[in-house]
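Only one structure is covered here, and it is reproduced in the block below.
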Amino acid sequence: MAKYDKDVKELLRLIGGKENIHAVSHCMTRMRFVLADPKKADTAEIEKLGSVKGTFTQAGQYQVIIGNDVSTFYNEFTAYAGIEGVSKEAAKEAAKTNQNVVQRIMSNLGEIFAPIIPALICGGLILGFRNIIGEINFFNNGTQSLADISQFWAGVYSFLWLIGEAVFHLLPVGIVWSITKKMGTTQILGIVLGLTLVSPQLLNGFSVATTPASEIPVWDFGFAKVQMIGYQGQVIAAIMAGFVLVYLEKFFRKHCPAVISMIVVPFCSLLPAVIIAHTVVGPIGWRIGNAIGDAVYAGLTSSFRTIFAAVFGFLYAPIVMTGLHHMTNAIDSQLVNLFDGTMLWPMIALSNIAQGSAVLAMSVLQKKNERAQQVNVPACISCYLGVTEPALFGVNLKYVFPLICGMIGSAAAAVVSVGFGVEAVSIGVGGLPGILSIFPQYWGIFLLCMAVAIAVPFVLTFLVGKKKLSREELVGEEAQQAAAAAGAASGSVADGSAAGDSMTGGMAGGSAAGDAVSGSGADVGAEGSALAAPGELKAVLTGKVIPLEEVPDEVFSQKIMGEGVAFEPDNDVVYAPADATVSVVMEDSRHACGLTLDNGMELLIHVGIDTVDMGGDGFELFVKSGDRVRRGDRLISFTPEKIKAAGHPKTTVFLVTDEGNASNIRYLSGMDAKAGETTVITYE
């Protein structure tokens, strides 16, 4: 009989049967289903199955959390159901059939921009710093900037433009590269196409508006003339050009004999793509991009701009929860390139702050609830620093009213921000550090907006929470039970006081026997101490150790898979935390492994978030299932740059998925650790 025979049969029935499954795959901990009709899945009953730790739906996939033994469960399930499993990437593509047209467009936009966002944030901070040293007249009665009075800072101001220009003027190169990477075509061809859009031979796109039409250079082909216009900073035109190249390459690769494809496919793909980019999709994309930018800008500067701001500020947090917020990156970039600034990004930063403030109020309300505080505090901190998912999924959505209060505060702050015309240099870091991306002349107003985003959600959440939260939610289930037990014990002691008095003589008379029992107890205690000798698990990576609640993945941050810690790694090799047996590895994606200690404790090490999508690129396994490892042995190596380029956090999770015979397990975080030396988990 198979190990999961009963649960496999039940899961197939509860998920709607074989006919309801479009595709199924698995990662290190989860079964990933693409269902024909997700409503047919009986989630409540599925979560009652003994082998299931939880479920959730994300990006069109119905995910069932199994744990370290998911590969065994998956093999039994596919064998019983008669379904052939697919790769994670194929399942991801199939999942898009469960999305409507708008969701698919937004999903693709998000995947295109994800690898570019770090550069946009870095560029925004650098431009903000340039403004501080070169644009603000702090000196000589407000007539000179730091760069004006110091040759050193003048040099820094000029030098930093190298990065600003590379990020924003040459943005089409990054966009076209990202499209070819996402679509699995030749990336260098994408880079070359992007470079033709920003070639120095062309009239710089930022100069087109101020250049008379008669002075714009052209390519003269006799029968037609084409304007030599660059697409510096243009987002829509670059996206359209990128997809033209992708589909041309896929067409020619499909129809070209393999023996000559190396010569024919690149030539027949790139040359027409460049021609089409400069004659058709470039001009069209330019107009579309300008129209979108103009529409948003009109909304932000019109007589009804406060209504526009209120709606955007109110809805931004729910948009984040759907994953559709990536579309704002394209709009922000377009606004920056059209108008040298954006009023959209300040509202996004304020929304982050507002949701964090709602969590702060929950933290104050639940200050005696130790379990809730383990989620509230790190979620609040990460939200104030611009990472909202732990706060949204771990706290605000759970109780609902903090989410609504945060949305109201965000709307109020957005109205103030847009009402006073606050602008950001570009996309920047969200939350409180967002002020670094704001033009210095708006700092005072933005501080006021931040105060609104902090005060309104905090006060509303606090007032509503005082009425809505139960006593158990305020102080915690354990404290509530302890208080009840203490009350019961107090009554029992009072009732039994007379009996206690009558037993005094008997207790004294039995002292010798008591001493004998005491001696026997001492022997048992010594033996028990030996059995319960404390154990330690060392850091698997070198870097900052953070609480699990700060991990940007709700399965880990909500501890569905188990308790543990996480690392923001400074090195690129994962080491064994103790002597153990390798219980499971992901041989295809190579990003995770499971260990079992001699005391039965089971551990999971998962490198990066959603890195299963990388298909093993950038990862190397040094062990296989069944291997015996010693503390400090190498388990996995990874390339941080590739994880970053793929748009994934490199946060590495270290979980105890089964306590085995261990007890009194303690998880240590908030310090810098050295792999193999620093203790991060203790147990008895």
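Numbers here simply count residues along the sequence, with the first being 1.
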Do the side chains of [Y] and [X] get nearer than 4.5 Å, heavy atoms only?
X: Leu621; Y: Arg590; value: yes
X: Val167; Y: Leu171; value: no
X: His648; Y: Ile643; value: yes
X: Trp219; Y: Lys225; value: no
X: Met614; Y: Val612; value: no
X: Val418; Y: Phe312; value: no
X: Thr611; Y: Ser589; value: no
X: Leu146; Y: Phe139; value: yes

Residues in side chain to side chain contact (heavy atoms under 4.5 Å, CB included) with [X], at least two apart?
X: Ile445; answer: Phe420, Val422, Cys449
X: Phe439; answer: Asn131, Glu423, Val425, Gln441, Tyr442
X: Ser351; answer: Tyr316, Ala317, Ser410
X: Ala310; answer: Val415

For a quick test of reading the model, state the closest non-hydrogen atom pair linking [X] to [Y] and the distance between them.
X: Glu215; Y: Thr211; result: CB-CG2, 4.1 Å
X: Phe556; Y: Val551; result: CB-CG1, 4.0 Å
X: Ile636; Y: Phe619; result: CG2-CD2, 4.4 Å
X: Met407; Y: Phe314; result: CE-O, 3.1 Å
X: Asp572; Y: Pro640; result: CB-CD, 4.0 Å
X: Ser261; Y: Pro266; result: O-CD, 3.3 Å

Under 30°, 30 to 60°, or over 60°: which ring-plane class applies to Phe223 and Phe221, parallel, tilted or perpendicular?
->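 Answer is tilted, since the angle falls between 30° and 60°.
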Please walk me through it: do Ile435 and Trp443 pass side-chain contact (heavy atoms from CB on, under 4.5 Å)?
-> CA-CA 7 Å; Ile435 194 170; Trp443 280 0; 3.9 Å; yes
Only counting residues at least two apart or in another chain, list the ones meeting salt bridge (charged side-chain N to carboxylate O under 4.0 Å, His left out) with Glu249.
->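 Glu249: salt bridge (charged side-chain N to carboxylate O under 4.0 Å, His left out) contacts with Arg253.
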Got a sec, which residues hit salt bridge (charged side-chain N to carboxylate O under 4.0 Å, His left out) with Asp617, two or more places apart in sequence or on another chain?
->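 Salt bridge (charged side-chain N to carboxylate O under 4.0 Å, His left out) list for Asp617, sorted by chain: Lys642.
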Point-to-point distance, once rounded to the nearest 0.5 Å, from [atom1] of [X] to [atom2] of [Y]:
X: Leu189; Y: Thr180; atom1: CG; atom2: OG1; answer: 8.0 Å
X: Asp672; Y: Asp570; atom1: CG; atom2: CG; answer: 7.5 Å
X: Leu203; Y: Gln227; atom1: CG; atom2: CD; answer: 9.0 Å
X: Arg305; Y: Ile307; atom1: CZ; atom2: CD1; answer: 11.0 Å
X: Leu197; Y: Leu170; atom1: CG; atom2: CG; answer: 11.0 Å
X: Ser417; Y: Ile438; atom1: OG; atom2: CD1; answer: 7.0 Å

Residues in side chain to side chain donor-acceptor pair (under 3.5 Å) with [X], at least two apart?
X: Asn571; result: none
X: Gln187; result: Trp177
X: His606; result: His591
X: Glu568; result: Thr651

Start with the C-alpha gap between Asp553 and Asp610, add the side-chain angles, then the distance that decides, and say whether side-chain contact (heavy atoms from CB on, under 4.5 Å) holds.
-> CA-CA 9 Å; Asp553 182 297; Asp610 289 329; 4.2 Å; yes
Between side-chain atoms of residues 267-283 and protein atoms elsewhere (two or more places apart, or another chain), which donor-acceptor pairs fall under 3.5 Å?
from   : atom 1 : to     : atom 2 : distance (Å)
Ser269 : OG     : Val265 : O      : 2.6
His278 : NE2    : Thr196 : O      : 3.2
Thr279 : OG1    : Ile275 : O      : 2.7

Quick check against the 3.5 Å criterion: does [X] have a side-chain atom that pairs as donor or acceptor with the backbone of [Y]?
X: Thr342; Y: Leu344; answer: yes
X: Ser150; Y: Trp153; answer: yes
X: Arg130; Y: Tyr157; answer: yes
X: Thr639; Y: Glu641; answer: no
X: Thr652; Y: Lys650; answer: yes

Table please: side-chain donor-acceptor pairs of residues 235-248 below 3.5 Å, with sequence neighbours left out.
none

Please walk me through it: do Ile191 and Val176 pass side-chain contact (heavy atoms from CB on, under 4.5 Å)?
-> CA-CA 7 Å; Ile191 293 172; Val176 181; over 6 Å; no
